[in-house]
Protein chains: 2
Amino acid sequence: MTTTTPERYAIGDFAKAVGLTAPTLRYYEKAGLIEPHRLENGRRYYEAADINWVKFLLHLKGTGMSISELQQYVAWRAAGDETIPQRLALLKHVKEDFLVQFNEVQHHLQILNDKINWYEEKEAGITQDHEDFSSYLQRFGHHE
Amino acid sequence: MTTTTPERYAIGDFAKAVGLTAPTLRYYEKAGLIEPHRLENGRRYYEAADINWVKFLLHLKGTGMSISELQQYVAWRAAGDETIPQRLALLKHVKEDFLVQFNEVQHHLQILNDKINWYEEKEAGITQDHEDFSSYLQRFGHHE
DNA sequence: GGTTGACTTAAAGTACACTTTAAGTTGTAA
DNA sequence: TTACAACTTAAAGTGTACTTTAAGTCAACC
């Protein structure tokens, strides 16, 4: 009977696995977001499960959470299941903010698209007269 | 017969009209993004058309364009119609980057939603056993 | 056994987009 | 006319999230 040793990643390999740099991992660790294990010689090592954790952190970060919000989340997580309501409230708040931003950027994209189309129409009929961008927008009901 | 004087905004009023602060408007002006008019006493004033311009800049900014990209855009705009191809190429590049980011944040949102649901299910059946988040994600095909 | 690359730490530096300060001038309302 | 708010400038400061540097230890390969 054999025991499978859990795979160990040195910081450089782990960094590649999660798409970060070694200094960024040390920075996150200092911020309390990650707690790698250590070899006897003092070097960090990470395990497969740590990959999921970091990737999850990066998803939260990608929804707009700041490092300090992540720190709060991690602190509540460490405090145990009685902080689930707080964590849930935080994530819901993050989601609400996200959705507001999401609607805004969709509108920004619409204007960007309209401007691209306006330039393309302008380029297509290079010698003709053209309406300006504001009235062009109004034809589509795309205000501001 | 009367001539309607175009409406003039002092910097504070204009700031309110576009949702920025007066210092930010001065900052944008220093960056070359805005060129307000001046009264004889040296004070800036803005007109209605400037509102559209600033709002358009903010839309571009909202799609991810940096100040320096906006500067490039504005420089090409000032150079006249022969730079339309460059402007178009810039905006299309911005759009491509935007769409990549857009897909990424949608995935981040999905994971955030999954986590919220996972917590809510965990809260609902507080005394029961629960699967961990990774396997929960896999049930929906929401990887990483 | 020596060289190269990866690791360790703490601290300083960077990039971006503003924001604030300081010192002074001007316009408006009581 | 006095006081207060809004304007002017240049320069310094802020917040966020890293990134880079410096000085040293350690491990792996030829």
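Just so we're on the same page: letters track the sequence lines, and every chain starts at 1. What you see below is based on every heavy atom in this structure, not just the backbone, and it leaves out hydrogens, waters and symmetry mates.
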Please give, in whole Å, the distance from [N] [atom2] to [X] [atom1]?
X: A/Leu57; N: D/dC18; atom1: CG; atom2: C1'; answer: 16 Å
X: A/Leu70; N: D/dC18; atom1: CG; atom2: C1'; answer: 14 Å
X: A/Tyr27; N: C/dA15; atom1: OH; atom2: P; answer: 17 Å
X: B/Ile34; N: C/dC18; atom1: CD1; atom2: P; answer: 11 Å
X: B/Leu20; N: C/dT19; atom1: CG; atom2: P; answer: 9 Å
X: A/Met65; N: D/dT16; atom1: CE; atom2: C1'; answer: 15 Å
X: B/Glu69; N: C/dA15; atom1: CD; atom2: C1'; answer: 14 Å
X: B/Leu60; N: C/dA17; atom1: CG; atom2: P; answer: 14 Å

| query | How far apart are the C-alpha atoms of A/Tyr73 and A/Gln86, what are their side-chain angles, what is the distance that settles it, and do they pass the side-chain hydrogen bond (donor to acceptor under 3.5 Å, both in side chains) test? | reply | CA-CA 8 Å; A/Tyr73 180 83; A/Gln86 286 94 318; over 6 Å; no
| task | Not counting sequence neighbours, list each pair that qualifies as a salt bridge (Lys or Arg N to Asp or Glu O under 4.0 Å) and has a residue in residues 49-64 of chain A. | result |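 Sorted pair list: A/Lys55-B/Glu144.
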Any [X] side-chain nitrogen or oxygen under 4.0 Å from OP1 or OP2 of [N]:
X: A/Asn41; N: D/dA27; answer: yes
X: A/Thr24; N: D/dT19; answer: yes
X: A/Lys61; N: D/dC18; answer: yes
X: A/Thr21; N: D/dC18; answer: no

| request: Inspect the surroundings of NE2 in A/His37 and state if more than 12 heavy atoms from other residues, nucleotides or ligands are less than 6.0 Å away. | output: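 Yes, enclosed.
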| task | Kindly say whether the aromatic ring centers of A/His107 and B/His59 come within a distance under 6.0 Å. | result |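 A/His107 vs B/His59: aromatic centres under 6.0 Å.
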| Do A/Glu82 and A/Arg87 meet the salt-bridge criterion of a basic N to acidic O distance under 4.0 Å? |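 Salt bridge flag = no for A/Glu82 with A/Arg87.
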| message | Less than 4.0 angstrom from a charged side-chain N to a carboxylate O is my criterion; do B/Asp81 and A/Lys122 meet it? | response |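 Salt bridge present between B/Asp81 and A/Lys122.
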| said: With each end axis built from five pairs of C1' atoms, what bend angle do you get for the helix from C/dG1-D/dC30 to C/dA30-D/dT1? Round to 10°. | reply: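 Its terminal axes enclose an angle near 10°.
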| With no hydrogens and no angle check, is any side-chain donor or acceptor of B/Trp53 less than 3.5 Å from a backbone partner on B/Leu33? |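 The answer is yes, because a donor-acceptor pair under 3.5 Å joins these two groups.
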| Heavy-atom closest contact (A/Ile67 atom, A/Ala31 atom, distance) |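 Closest approach of A/Ile67 to A/Ala31, heavy atoms only: CG2-CB, 4.2 Å.
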| Parallel, tilted or perpendicular, as decided by the 30° and 60° cut-offs, for the rings of B/Phe14 and B/Tyr46 |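 It falls in the parallel class, under 30°.
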| remark: Given protein heavy atoms under 4.0 Å, the one-letter contact record of nucleotides 2-9 of chain D, with B base, S sugar-phosphate only and - none, is simply ----BSBB
